[in-house]
There are 4 protein chains.
Amino acid sequence: MSTQAEDTKSRIFLTAAELFADYGFDKVSIRQICEAVGIRKPTLYYYFKDKETLLLEMINFSKKIGDQIYEEQVEKPKDFLDKIRGLIFGRKIFIEKYPQFFRFHAMIHLFAIPEKVKQEMIQYVLSLMLRFRSLLETGQKQGYVAADEDLDFLMMTLTSSLNHLTIRKFVFHDDSALTDENLERMYRFWLKHFFVTQDKQTT
Amino acid sequence: MSTQAEDTKSRIFLTAAELFADYGFDKVSIRQICEAVGIRKPTLYYYFKDKETLLLEMINFSKKIGDQIYEEQVEKPKDFLDKIRGLIFGRKIFIEKYPQFFRFHAMIHLFAIPEKVKQEMIQYVLSLMLRFRSLLETGQKQGYVAADEDLDFLMMTLTSSLNHLTIRKFVFHDDSALTDENLERMYRFWLKHFFVTQDKQTT
Amino acid sequence: MSTQAEDTKSRIFLTAAELFADYGFDKVSIRQICEAVGIRKPTLYYYFKDKETLLLEMINFSKKIGDQIYEEQVEKPKDFLDKIRGLIFGRKIFIEKYPQFFRFHAMIHLFAIPEKVKQEMIQYVLSLMLRFRSLLETGQKQGYVAADEDLDFLMMTLTSSLNHLTIRKFVFHDDSALTDENLERMYRFWLKHFFVTQDKQTT
Amino acid sequence: MSTQAEDTKSRIFLTAAELFADYGFDKVSIRQICEAVGIRKPTLYYYFKDKETLLLEMINFSKKIGDQIYEEQVEKPKDFLDKIRGLIFGRKIFIEKYPQFFRFHAMIHLFAIPEKVKQEMIQYVLSLMLRFRSLLETGQKQGYVAADEDLDFLMMTLTSSLNHLTIRKFVFHDDSALTDENLERMYRFWLKHFFVTQDKQTT
DNA sequence: CATGAATGAGCTTTCATTCAT
DNA sequence: CATGAATGAAAGCTCATTCAT
C-alpha cells in the first residue's frame, strides 16, 4: 500500500472515529464520513468492506491500544500501588497518545452498535474485569487489600468510578474530569478508602 | 379524552418504552411501534406530535417516577443511613412498580438521542447529583460521614456504583445484579468503607 | 382498498409488467417504474414489499390467467382436436384479453430472475408439460395419435413450436407470428404431421 | 502479444463465459470475473475495452465455432439425411470440443444483453434460419421433403425442437436431454414425421 | 503488462411525516 | 378517533470505468 493510500485509509479511520464518538454509530452516515474526509463513497468502500467492518477495525485498534497501555502501566510495575496508579493514569496516557481516538474508545460502550459487535464488546469488557480482579487478589495476598474485603464490589467500585470520570468528560463535557489533578485526587480517595498503605501497615 | 383514547395512548407509551429499551431510540421505527401496538401510523401522530415528543414524554414520565421514589425512599426517612438504604433499594422499588419502564429508564442514558433531549437529560442528571451531594453534606454534619471526606468523590463513587449494577443487569444481562441480596451486599460495602456507623461513633 | 388505491396498485402492476417485458427484471429499476407510473418510490413500496414481491405477484397473476385460459380452451372442449386448436388459439385469447400482460408472460422465461423465483417457474412449466402430456395420452387412446407415437417428443415438439411463435413475435418483432392466419397454418401443419384426422381414420 | 498475455486474455475469456452462462450477463460484475481469474480490474480493461466488448468477442467466438461446426457437420456431408443428422449431432460436437463455451452459447439467447448486441444476435439467428431453409429446399428438390410441405413451419419446428433440448439441459438441468441416445431418438422422430426415407421413396 | 486508488452514477430500501377523508 | 395513501429525504452499498504510475 502506497503512502498516499495509507494516508487515505487512516484519514477515514480517524475521521470516522471522531464522528462516531460525537454522534453514535447509527447517526453517522457513510456520506457524512466521506464528506468530512473529502472522498467519494466508493473510495471508503475500497478500504472498508462495509460500515460494520469499519467499526470493527476501529474497535480492534482501540482494544490494542487499551491492552498496550494496560500492560505498560498496570502489569509492568512491580509494586501493587503503582499498578493502581497506572490504572488511573493509563487513561491520561491514552488521551495524550491518541487524542482523537480516546473519545471513540470511551463512547463505544455507550452507543447503539450491531448486536454482534455489542456481544463481542461485552465479552471483552468482562475479560478486562477478570484481569483486574486477579490483580486485586494479588494485592490482597500482599497485604494491600484487607483480608476480609469484598473483592467483587471493590473491583466494581473502582472500575465504575474510573468510567464515571470518562463519561463526565465526554458526555457531560466536564473538562476537569481527567486532569492530572483530578486523577491524583481520585488516587488519594482510593488509597484512603480501599487500600492499606505502608504507613498503616507499619502501624 | 375518553377512556379508550387514554388507553390507546398509554399502550403506545408502554410499548414504545419497551422497544426503545430493547433496541435504542434510533433503531425503533414508528412503523415497528405501530405494528406492536396494533394501530396505524397516523393514530400515533394523533397522540404524539412526533417521535421526539414521544421520547420526551417518556423521559418526563420516567423522571417523575424517579423523583417520586427518591422523595419516598430518600428524602422521607429521617435517619441518614436509612436514606442511603433508600437510595439503593429505590431501584428495586422502581422495578417492581413499573417493570416495563425501568428498563427504559436505565437504558435511556446509553442510546443515541436527539442532541436537544440529551442536553436536557444531562441537566437533569446533574441536578440529581447536586441533590444527592447536599444529602451527603447533611450526613457529614450529622457525623455519618468523616469530617475530612472528599464529598465530590464520595458522591461520584456511590452514584457510579449504583449505575454500574443497573448496567450489569440490562447491558450484560446479569440477573443477579439487582437482587435484594446483592443490593444488601452493596449497602454493607458502603457502610464499611464510607460511613461512620453508630457503633464506630460511640467508640 | 379504495378505488383510487386499486388503480394505483394496478397501474404499478401493468407498467412494471411492460417494462420488465421490454428490458428484463434486473434492468428495470424501481425508479424507472415509478417515473413511468407517475408516483414516488415509497408509494411503490407501500403496495409491494419489495421488487421480488412485485415480480412474484406478477408471475402468479400470469399463471392464473394462463391456467384460466388453458381450462377454458383446452380442458373444456370435448373433442381432442378442439383441445389442440384451443392450445394454439389460447395464446391469441391471452393477447386479446390482457394485451399488456401477455408480453410479460412470454418474456418471463427469458430473463434473469432471482434464483428462487426461477426454480418456481421451472416447476410450474414442468407441471404444465405433464398436464399436456396426459392430454396427448388421452388423444392416443382415442385414436387421434398413432399408437406407436413417441409421446415425449411429440409433446416437446408441439410445445416448443408454440413457444417459438411467441419468441418470434416478441423477441424478433415479427408481427405475423401470432396472427390468426399463422396460427391456423400451424394447426394444419400439426394435423398433417402428427394427428390422425377423421378422414384418415375412416380410410 | 506474448504467450503469457494471450493466456491471460484467454483465461478472462473462458472464465467470463462460464460466469455469464451461470448467472447472466448483468448479474456478473467485472469484479467477480477478475476475482475468478485472479487479476485486477485494470488488467481486464487492458484486454477488453469494456464489458460489452467482452461479450461481443465472446459472441463472435461462439458464432465462429457454431459456423465451423455447421460447415463440417451440415454443409460438408453430401446426403441430405446426413446433413440433418449433422445438424442434430453438431450440438454434441460443440459440447465435446468447447465444453465451457457451449453453455454460454446456449444461454446467450436467454439473458438480458445490451440492445445493440441483441439486435446483432437476432440478425445472426435469422441468417442461420435462412441458411437452414435453403437446405430444406434442396432436400425438397431431392425428394427427401414432401413437395407440398410447408417449409417455413418445418424449419421452425425442427429449429425450435433442437433449441428445446438445449434449454432442457441448461435451464431445467435435465442431463438426459443431450445424450447420444436422446439425439438419436429425435432423429428417428424427425425421420418418421418429416422426411421421406429411401425406403418410402423406393416404395 | 499490470495495478492501486479513485469516482460518477446508480441501485434497493427505509425513514419520519402529512393530508384528505 | 382513526386510517389509507402518499412523499421528501436519506440510508448503505455496488457498478463499470479511468488514470497515474
Side-chain angles (χ1 to χ4, degrees), chain A residues 1-9 26-34 37-54, chain B residues 1-2 4-9 26-34 38-54, chain C residues 1-9 26-34 37-54, chain D residues 1-2 4-9 26-34 38-54:
Chain A
M1 215 188 282
S2 81
T3 309
Q4 193 197 329
E6 194 57 74
D7 182 53
T8 301
K9 180 165 188 179
D26 271 337
K27 283 285 187 81
V28 175
S29 71
I30 296 288
R31 181 210 296 231
Q32 245 175 296
I33 299 172
C34 290
V37 178
I39 54 169
R40 309 290 164 223
K41 277 185 282 176
T43 305
L44 188 149
Y45 281 94
Y46 177 77
Y47 291 105
F48 301 94
K49 191 173 124 347
D50 54 22
K51 206 186 174 190
E52 194 171 316
T53 299
L54 175 55
Chain B
M1 214 186 282
S2 81
Q4 194 199 327
E6 193 58 72
D7 179 55
T8 300
K9 181 166 186 178
D26 269 339
K27 285 288 187 76
V28 175
S29 70
I30 296 285
R31 183 218 293 227
Q32 245 176 294
I33 300 172
C34 290
I39 54 169
R40 304 287 171 252
K41 282 189 275 179
T43 306
L44 187 149
Y45 279 93
Y46 177 81
Y47 291 107
F48 302 93
K49 189 172 131 336
D50 53 21
K51 205 186 175 189
E52 195 171 315
T53 300
L54 174 55
Chain C
M1 212 187 282
S2 80
T3 309
Q4 193 197 330
E6 195 57 75
D7 181 55
T8 302
K9 180 165 188 179
D26 271 337
K27 282 286 187 84
V28 176
S29 71
I30 296 287
R31 182 213 294 233
Q32 247 174 294
I33 300 171
C34 290
V37 178
I39 54 169
R40 307 294 163 220
K41 279 184 279 175
T43 304
L44 188 150
Y45 281 93
Y46 177 76
Y47 291 104
F48 302 93
K49 191 174 126 342
D50 54 23
K51 204 186 174 189
E52 195 171 316
T53 299
L54 175 55
Chain D
M1 212 187 283
S2 82
Q4 194 198 326
E6 194 57 72
D7 180 54
T8 301
K9 180 165 186 179
D26 269 339
K27 284 287 188 77
V28 175
S29 69
I30 296 286
R31 184 218 292 226
Q32 244 175 294
I33 299 173
C34 290
I39 55 169
R40 304 287 172 252
K41 280 188 276 179
T43 305
L44 188 149
Y45 279 93
Y46 177 80
Y47 290 108
F48 302 94
K49 189 172 131 339
D50 53 21
K51 205 186 175 189
E52 195 171 314
T53 300
L54 174 55

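Throughout, protein chains are lettered first and strands after them, A, B, ... in sequence-line order, and every chain is numbered starting at 1. Computed from a predicted structure; not experimentally measured.
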Task: Between E:dT17 (C1') and B:Arg40 (CZ): distance, integer Å - done: 17 Å
- [ ] Quickly work out the C:Tyr45 OH to E:dT12 P distance and round it to whole Å.
- [x] 6 Å
Open item on the list: If you only use heavy atoms from C-beta on, which nucleotide in E:dA16, E:dT13, E:dC19 is closest to the side chain of B:Pro42?
Closed with: E:dC19
Open item on the list: Only pairs with both distances under 3.5 Å count, Watson-Crick or wobble alike; so what is the partner of F:dC19 in this structure?
Closed with: E:dG4
Open item on the list: Just to be sure I understand the rule, does A:Thr43 reach a base, reach only the sugar-phosphate, or reach nothing, if contact means heavy atoms closer than 4.0 Å?
Closed with: base
Open item on the list: Checking the side chain of C:Lys51 only, and the main-chain atoms of C:Val28 only, is there a donor and an acceptor separated by less than 3.5 Å?
Closed with: yes
- [ ] Ignoring backbone atoms, test whether A:Arg31 places a side-chain nitrogen or oxygen under 4.0 Å from the OP1 or OP2 oxygen of F:dA11.
- [x] yes
- [ ] Could you check if a side-chain atom of C:Tyr46 sits within less than 4.5 angstrom of a side-chain atom of C:Thr8, using non-hydrogen atoms only?
- [x] no
TODO: May I have the distance from B:Lys49 (atom NZ) to E:dC19 (atom P), rounded to whole angstrom?
DONE: 13 Å
- [ ] Nearest whole angstrom, please: distance from the P of E:dT13 to the NZ of C:Lys41.
- [x] 11 Å
Task: Selection from E:dA16, E:dT14, F:dA5 that lies nearest to any side-chain heavy atom of B:Lys51 - done: E:dA16
TODO: Report the residue (A:Ser29 or B:Ile39) whose heavy-atom-nearest nucleotide on DNA chain F is the more 5′ of the two.
DONE: B:Ile39
- [ ] Using whole Å, report how far CD of A:Glu52 lies from P of F:dC13.
- [x] 9 Å
TODO: Check the distance between E:dT13's P and A:Ile30's CD1 and give it to me in whole angstrom.
DONE: 19 Å
- [ ] Could you check how far OH of A:Tyr46 sits from P of F:dC13, rounded to whole Å?
- [x] 19 Å
- [ ] For E:dT14, give its Watson-Crick or G-U wobble partner with both distances under 3.5 Å, or none.
- [x] F:dA9
Task: NZ-CD1 distance between A:Lys9 and A:Ile39, expressed to the nearest 0.5 angstrom - done: 12.0 Å
Open item on the list: What is the distance, to the nearest angstrom, from the NZ atom on D:Lys9 to the P atom on E:dC1?
Closed with: 12 Å
